[in-house]
Each structure stands twice: as C-alpha cells, then as structure tokens.
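One structure is given here, and the rest of the page talks about it.
Heavy atoms only: backbone and side chains are in, while hydrogens, waters and symmetry mates are out. In the text below, chain A, chain B and the rest are named by the order of the sequence lines, each starting its count at 1.
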There are 2 protein chains.
Amino acid sequence: MKVTIKDVAREANVATSTVSRVLSDNPRISDETKKRVNEAIKKLNYKPNPIARSLAKNETRILGVVLPSDANDLLANPFFINAMKGMSMYAQSKNYYITYAFSKNEENEVENIKEMTSSNLVDGVILLRVRENDESVRYLKDKKFPFVVVGRPEYPNEVLWVDNNNFQAMYKVVNQLIKKGHRKIGFAGAMKNLNMSRDRFEGYKKALEMNNIEFDENLVVHKDEFKEYEGESACKDLLQNKDITAIVTIDDLLAFGVLKELRRQKIKNIAVVGFNNTQLAQHQKPPLASVDINADKLGYQATKLLIQTLEDNKESETTHYIVDTEFVERKSFISNK
Amino acid sequence: MKVTIKDVAREANVATSTVSRVLSDNPRISDETKKRVNEAIKKLNYKPNPIARSLAKNETRILGVVLPSDANDLLANPFFINAMKGMSMYAQSKNYYITYAFSKNEENEVENIKEMTSSNLVDGVILLRVRENDESVRYLKDKKFPFVVVGRPEYPNEVLWVDNNNFQAMYKVVNQLIKKGHRKIGFAGAMKNLNMSRDRFEGYKKALEMNNIEFDENLVVHKDEFKEYEGESACKDLLQNKDITAIVTIDDLLAFGVLKELRRQKIKNIAVVGFNNTQLAQHQKPPLASVDINADKLGYQATKLLIQTLEDNKESETTHYIVDTEFVERKSFISNK
DNA sequence: TTGTAGGCGTTATCAC
DNA sequence: GTGATAACGCCTACAA
C-alpha cells in the first residue's frame with residue numbers, strides 16, 4: 001500500500017537507482033527516462049521516505065531547538081514565539097523540520113543538548129540564549145556539533161551566531177534624544193555581565209561622546225535583574241539628579257518600573273525608552289517607546305546560517321549575521337524643549 | 001567512530017539480535033547475557049539510532065503540530081506557548097519528539113497537514129484549533145491518520161479531543177456573581193457559531209435558571225469577532241438596561257472593550273469577567289477577573305491521549321479529556337451589595 | 001546513460 | 001535462549 005521507490009522503478013521500467021538519480025537531479029540521465037520516471041512518480045503519487053533517506057545519507061534535515069531553563073521569562077515577551085516563527089519559516093522553505101525541547105532547569109538544558117546531539121536525530125542545534133561561560137555552547141563546540149546561537153557568544157569567531165547590533169541600537173536612541181533637546185540622560189541597566197548589556201551601555205556612552213556631552217557617572221545605574229522593581233529603584237536613584245530629562249533603559253521591564261515611579265511622583269516631563277518592545281509596552285501609561293529587536297528575523301537568520309553551513313561542506317566565511325533593530329516611538333518619547 | 005549495535009554485539013560476544021532483545025526488554029533472555037550486554041552498552045556508551053529504528057519499526061516517535069493560519073491571534077495570548085510547553089512535557093517523558101509547522105494561511109494549513117501525513121515522518125498530528133466544518137479534521141479522519149484536536153470537534157465520538165468544560169466554567173462564574181448579589185447580569189459573546197461560544201452561553205443561561213432568575217434577552221449581546229471594539233459596542237448595548245450590575249464575556253478582548261467603555265462613562269459599580277486570562281487581563285483598569293483555560297494542561301493531555309492511542313493497538317475507550325478551568329478573581333469582580 | 005549490489009543501523013522471522 | 005538473515009526504503013559506488 002505504501003508506494004516506494006521500487007514501485008516507481010517497476011512502473012517506469014527502470015532500476016531503483018535510476019529513480020533515485022532523477023530524484024536527486026543527477027545530470028547524467030537522459031531526458032527520455034527522466035520524463036518517464038517523473039510520470040510514474042506523479043501517477044503513483046510517490047513521496048520519498050525521509051527516514052530511509054536519512055539512514056542512507058546519514059542526515060535527517062531535522063534541527064533541534066533547546067529552550068533555556070528560564071524560558072518562563074520568554075513566555076512574557078514575544079521574543080520566543082516570534083523567533084520560533086522565523087525559524088520555522090526558513091526551515092520550511094528549505095525542507096527542514098524543527099523539533100523543540102523545553103528544559104526544566106539549567107542542568108536539564110545541557111542534558112537535553114547531550115541527548116539531542118548524540119541521538120543522531122538532529123543535524124544541528126539552535127540556542128536561543130547565551131550565558132557567559134555557557135556550558136551548552138562549550139559542549140557543542142567541543143563536540144564539533146553544528147549549532148548556532150542567538151546572541152553574541154564568547155568566541156565570536158569560532159561559533160555561528162546572530163544578534164542585533166545592541167551598541168548601535170542604543171547609540172541611535174540616545175542620539176535621537178539629544179536631537180530632541182535632552183542633555184541629562186539617565187541610563188538604567190542590569191545584568192552587567194551580559195554582552196548585550198555592555199554593548200548597550202557602550203552605545204549610550206558613545207552617543208554622548210559624539211555629541212560632546214560629558215559622561216556623568218551619577219546618571220548611570222546598574223541593577224541586578226530585569227525586574228520592574230529594579231526599574232523603580234533605579235528611577236529613584238536617577239532622580240537624585242534634579243535636572244535629568246530622560247531615562248534610557250536596556251529592558252522594557254526596567255522601563256516599566258521607571259514609569260511606575262515617575263507616575264507615583266507625578267513627574268511627567270521625563271522621556272523614557274525601553275528595549276525589546278514587549279507586548280505590554282504599548283499599554284503603559286504613557287505608552288512606552290521601545291526598541292524592537294526583530295525576534296522573527298533573528299530566528300530566521302539563525303536558521304539560515306545553520307542550514308547554509310550544514311549544506312556547504314566548506315567552512316562558510318561568515319560566522320555571524322547582524323539583525324536590524326527598529327525604534328518604536330511612542331508617547332513616552334517626549335522632547336525637551 | 002559512531003558506535004552501533006554491531007560494536008556492542010562484538011564486545012559482548014553475542015549476536016546483534018541478542019543486543020536488540022536486551023534493548024527491548026525481551027523476556028526470554030538469560031540474566032547472564034543480559035548483564036553482559038548491558039555492560040558492553042555502558043562501556044561503549046551506545047545509543048540506538050532512532051532513524052534506523054524508525055525504518056525497521058515503521059514508526060518515528062515524532063508528533064507533528066500544525067499551527068493554524070490565524071496564529072497571529074495566538075501570539076497575543078499565552079495559549080499557544082503554554083499549550084506547546086504542555087505538549088513538550090508529556091512528549092519528552094515518553095521519548096517522543098515534536099515538530100511544528102507554521103501555516104501562512106488556511107489553505108497552506110491543509111497543505112502542511114497533507115505534507116506531514118504523507119511524509120512518513122510523523123506518527124500523529126496535534127491540532128490546536130477546530131473550525132466548524134474543519135477541512136483539516138476531515139482530511140485526517142478520512143485518511144485515518146492518528147490525530148488529536150484541542151477543542152471539541154464536530155464528531156466528538158469519532159475524533160480524539162481535549163477541551164475545557166466551557167459550559168461549566170461559565171456556569172460557575174455566573175453562579176458566583178449571583179452569590180455576590182447580582183441579579184441583572186449581562187452576557188457579551190461573539191462568534192456564535194463556535195461550539196465554545198455556544199457552551200459558554202448555555203452555561204450562563206443554566207446558572208440563571210438554577211437560581212430562579214428569569215432569562216432576559218435584553219441582557220444578551222452577540223457580536224461577530226473577539227475584538228476590543230466589539231466589547232465596547234456590546235457594553236453600550238447592554239447599558240440600555242439601567243439596572244445591570246454585572247457583565248460576563250466569553251473572551252478577554254471583549255471584556256477589555258467593556259472595561260474601556262465603562263471607564264469612559266465613569267461607571268464603577270459593574271462587575272466584569274473575561275475568559276482566557278490573557279496576559280493583559282491583570283493590567284487592566286481595574287484588573288480583570290478572568291477564567292484561565294489551563295492551556296498547558298490542554299496541550300499535555302492532548303499529547304497524552306494521542307500517544308496512548310498510538311501505543312495501544314486496541315482502540316482506546318476514551319476519546320476525549322476535559323481539562324479544568326480556573327477562575328482568577330481580580331478587582332473587576334466586585335460584589336453587588 | 002543505466003543497472004547491480006551492498007550498505008545505512010535496527011528489528012523481526014526463522015531456525016537451532 | 002541465542003544466532004543467522006532478511007527485511008525497512010533509499011543512496012551510491014562500481015560495472016556494464
């Protein structure tokens with residue numbers, strides 16, 4: 001009942017190898033038989049069995065995605081779901097499948113990766129987050145298993161990765177604030193040890209420098225976590241500077257906290273900017289301007305990079321890809337006139 | 001380099017078939033050799049190749065999930081991501097993999113399903129939504145391909161499905177409102193043709209009936225879509241009833257609209273209840289009480305049902321499973337004293 | 001250009 | 001109990 005390559009061969013009066021060659025577009029095959037085979041394929045509605053093919057070719061065209069243990073955070077913002085969509089889109093266009101594994105905790109995460117890489121089921125792995133000194137990355141690198149990460153890893157030249165230009169994104173935001181007349185711009189960060197955090201901070205500093213505004217340490221606060229209460233606290237700290245007119249943050253949650261504190265103090269003339277353009281941003285009072293990191297593109301490009309290296313036997317030249325950010329201007333982005 | 005069953009056989013001085021038997025816990029095998037084989041497995045760190053196994057057994061242990069074309073809606077509420085988590089959890093516990101396909105539009109959705117079911121790559125399919133007269137369901141049913149749907153389908157006895165008890169959920173909500181002193185309770189629905197909508201409406205009516213409150217058509221509004229503006233409009237309609245003290249809706253978006261309209265009219269003494277407990281519910285003014293449908297459990301149980309029927313050759317008795325809802329009480333759930 | 005035959009790593013069906 | 005051996009469906013030398 002299941003139609004196999006043999007059935008096609010019989011129907012077209014050729015050998016199975018010939019059918020196989022037609023399937024793989026082998027050049028040395030006569031148009032005549034090619035046509036006959038294709039007709040037989042159509043007539044029998046034959047579809048090659050990917051499992052058998054995988055076994056013979058030792059490749060599955062399946063990609064594995066391991067969701068970090070702290071995926072709960074991801075549930076709150078659209079990053080994950082958008083990245084997933086992007087990944088699926090590219091994978092589908094190239095006839096790849098994607099399988100996901102949710103990890104319960106950090107330990108379990110590495111376990112999942114070990115399982116995936118040693119299972120012979122996936123050709124490559126996509127990681128949606130990098131930690132510093134990331135055990136998953138180290139493991140995959142050591143094992144020389146094909147993988148790509150979203151976010152800049154520690155050895156950017158030895159690992160495939162895709163990321164935003166966080167430096168530039170923040171640079172632009174601050175630059176625009178300055179153009180709008182702001183001079184005293186506060187910075188609220190957290191998780192200082194993440195590359196991402198550092199880059200955004202550097203972008204902030206550079207923008208000031210390029211506009212001949214002196215960097216002022218009092219206008220900078222680094223908190224521990226991306227939480228709303230940290231934002232509130234940061235806001236209080238920054239308000240010590242009486243003449244402050246804007247606060248940039250490196251995460252929407254921090255920005256939410258800032259807005260909350262400003263509301264409580266009934267301060268309305270300070271501009272606030274967030275990062276990640278989470279769903280709640282537009283529902284803040286006032287609606288929060290935020291930098292969209294284009295998660296779908298991150299997922300798309302990550303998958304593209306991985307599949308390309310999987311298919312080119314030669315080591316591809318490009319080891320990374322930068323995805324544009326997009327500044328979403330909303331009410332909180334007021335000017336200082 | 002890759003260690004196969006042959007290596008293990010050689011190491012343990014047995015035939016490959018013996019190793020295979022140990023692997024599958026075949027009873028007629030001596031403890032002695034079983035031990036020897038297991039040692040060899042451990043020593044060589046052997047893992048069976050799932051692809052080869054799939055080919056031989058004609059089953060892949062991979063489940064396919066097709067995301068409906070209107071998945072954009074899903075991005076807004078946590079349903080999809082939670083369901084996905086639930087699916088993964090159960091699948092992983094049973095050593096199954098899950099692969100996802102995003103559909104661009106409705107047509108593409110059926111295409112994806114055809115592709116999946118004819119590809120020999122997945123053993124079963126999970127659908128996260130049912131339409132009325134659902135083409136995907138019909139196709140799968142006709143083809144006798146194993147599948148499960150989240151939501152009650154048209155032929156509940158011929159299809160595996162998992163759903164909430166929408167009738168009961170709404171019944172309870174209305175019952176509680178009545179206990180809180182409400183008598184004039186408005187109903188704001190939409191998408192009347194969905195089973196889900198009808199069930200919730202029936203629950204509403206039943207609760208009134210059981211409490212000897214006469215059903216009043218003027219207190220009922222059915223709109224077309226689950227949109228905020230529909231909620232606003234419904235609210236205006238319902239406010240024609242001057243003595244109304246509560247409004248139940250069958251979706252958070254409708255409820256958001258109701259709250260918006262109430263705010264505009266500065267009405268504060270009307271209770272409002274939503275459905276789905278979306279992320280924005282808690283951020284409404286006032287925070288919206290809502291019924292949580294436990295999407296993760298829906299996903300978990302759907303997967304469980306599917307895998308169980310996949311493994312029991314006998315047709316399993318149970319064709320469906322009901323997942324509890326959970327009423328999340330918030331400020332909008334005021335009493336009428 | 002096409003066919004033959006062996007192999008991919010398992011499982012299943014026979015024998016013994 | 002255990003061991004050969006033939007599938008599973010496809011690909012790929014090697015021949016012809």
(Q) Strictly below 4.0 Å: does B:Ser54 bring a side-chain N or O up to OP1 or OP2 of D:dC8? (A) no
**Q.** Atom-pair distance (CZ on B:Arg61; C1' on C:dT10), nearest Å
**A.** 14 Å
Q) What class does the angle between the rings of B:Phe102 and B:Phe80 fall in, given that below 30° is parallel, 30 to 60° is tilted and above 60° is perpendicular? A) perpendicular
Q | Nearest heavy-atom neighbours spanning B:Glu115 and A:Tyr97 | A | OE1-OH, 2.9 Å
**Q.** Any A:Thr4 side-chain N or O less than 4.0 Å from OP1/OP2 of D:dG9
**A.** no
Q. What is the distance from CG of B:Leu55 to P of D:dA6, rounded to the nearest Å?
A. 17 Å
Q: Tell me, with the steps shown, if B:Asn133 and B:Glu154 meet side chain to side chain contact (heavy atoms under 4.5 Å, CB included).
A: CA-CA 7 Å; B:Asn133 197 4; B:Glu154 289 178 85; 4.0 Å; yes
Q.
Base, sugar-phosphate or nothing for A:Val19? Non-hydrogen atoms, less than 4.0 Å.
A. nothing
(Q) Contact between A:Asn164 and A:Asp324 at the side-chain level, heavy atoms closer than 4.5 Å - yes or no? (A) no
Q.
What I want to find out is whether A:Arg61 reaches A:Glu311 closely enough, with some N-O distance under 4.0 Å, to be called a salt bridge.
A. yes
Taking N or O atoms only and anything under 3.5 Å, show me the protein contacts with nucleotides 13-16 of chain D, one pair per line.
unit_1	atom_1	unit_2	atom_2	d
D:dA13	N6	A:Arg21	NH2	3.3

Q. Can you tell me how far P of D:dT2 sits from NZ of B:Lys34, to the nearest Å?
A. 10 Å
**Q.** Distance, rounded to the nearest Å, where B:Lys57 contributes NZ and C:dA12 contributes P
**A.** 6 Å
For residues 42-54 of chain B, which side-chain donor-acceptor pairs fall under 3.5 Å, sequence neighbours excluded?
unit_1	atom_1	unit_2	atom_2	d
B:Lys43	NZ	B:Glu11	OE2	2.8
B:Asn49	OD1	B:Ile51	N	2.7
B:Asn49	OD1	B:Ala52	N	3.3
B:Ser54	OG	B:Pro50	O	2.7
B:Ser54	OG	B:Glu59	O	3.1

Q: With heavy atoms under 4.0 Å as the rule, sort B:Pro50 into base, sugar-phosphate or nothing.
A: nothing
Q) Between C:dG3, D:dC11, C:dT10, which nucleotide has the shortest distance from any of its atoms to the side chain of A:Val14? A) C:dG3
**Q.** Separation of atom NZ in B:Lys6 from atom P in D:dA4, rounded to whole Å
**A.** 13 Å
Q.
Mind checking if B:Lys47 touches a base, just sugar-phosphate, or nothing, with heavy atoms under 4.0 Å?
A. sugar-phosphate
Q: Please list all pairs passing the side chain to side chain donor-acceptor pair (under 3.5 Å) test where one or both residues lie in residues 294-306 of chain A, with sequence neighbours left out.
A: none
**Q.** A:Thr16 side chain near D:dG9 phosphate (N/O to OP1/OP2, under 4.0 Å)
**A.** no
